[in-house]
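Values in this document were obtained by computation on a predicted structure and should not be read as measured data.
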Amino acid sequence: MQIGIIGLGKMGGNIARRLMSKGHDTVVFDRSSAAVESLVKQGAVGAQSVAALVEKLPKPSAVWVMCSNWASCWRPMT
């Protein structure tokens with residue numbers, strides 16, 4: 001299974017790691033490029049934007065969104 005993960009804080013990053021450890025392919029995005037790069041080094045595919053993440057996933061897509069607060073989810077993530 002290939003899944004996208006948006007938001008790589010404590011919860012989102014650990015979800016991505018656990019999915020990868022179980023053999024799932026992950027495409028990841030976060031506003032912090034350091035968070036993305038950390039997971040890329042561990043085997044994830046990095047994306048520079050939400051649009052890029054969606055483009056890298058097969059259709060139909062599954063995307064898991066982890067936001068620390070409601071307001072941060074709705075600011076543009078490009």
Side-chain angles (χ1 to χ4, degrees):
M1 175 181 186
Q2 190 171 30
I3 186 167
I5 301 179
I6 299 171
L8 304 175
K10 290 180 183 180
M11 290 180 68
N14 285 330
I15 288 166
R17 287 180 194 90
R18 180 168 296 243
L19 286 168
M20 289 187 299
S21 76
K22 301 297 181 185
H24 299 288
D25 297 323
T26 59
V27 180
V28 297
F29 170 74
D30 192 274
R31 289 189 181 141
S32 165
S33 60
V36 173
E37 287 304 314
S38 173
L39 282 165
V40 166
K41 290 177 183 175
Q42 296 174 53
V45 174
Q48 299 299 319
S49 68
V50 173
L53 179 138
V54 171
E55 287 176 14
K56 293 179 181 193
L57 291 171
K59 307 305 181 260
S61 303
V63 178
W64 196 328
V65 180
M66 297 298 296
C67 293
S68 60
N69 65 57
W70 188 255
S72 69
C73 289
W74 297 111
R75 287 183 287 172
M77 289 193 263
T78 56

Asker: Counting only pairs under 3.5 Å, give me each side-chain donor-acceptor contact of residues 52-66, with atom names and distances, residues two or more places apart or in other chains.
Answerer:
unit_1, atom_1, unit_2, atom_2, d
Lys56, NZ, Gly46, O, 2.6
Lys59, NZ, Val54, O, 2.8
Lys59, NZ, Leu57, O, 2.9
Ser61, OG, Pro58, O, 2.8

Asker: Please set out all donor-acceptor pairs under 3.5 angstrom arising from side-chain atoms of residues 20-30, sequence neighbours excluded.
Answerer:
unit_1, atom_1, unit_2, atom_2, d
Ser21, OG, Arg18, O, 2.7
Asp30, OD1, Ser32, N, 2.8
Asp30, OD2, Leu8, N, 2.6

Asker: Return each pair, listed once, that meets side chain to side chain donor-acceptor pair (under 3.5 Å) where at least one residue sits in residues 2-14; pairs must be two or more places apart or across chains.
Answerer: Asn14-Arg17
Asker: Looking at side-chain heavy atoms only, is the closest gap between Leu19 and Ile5 below 4.5 Å?
Answerer: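 Side-chain contact under 4.5 Å: yes.
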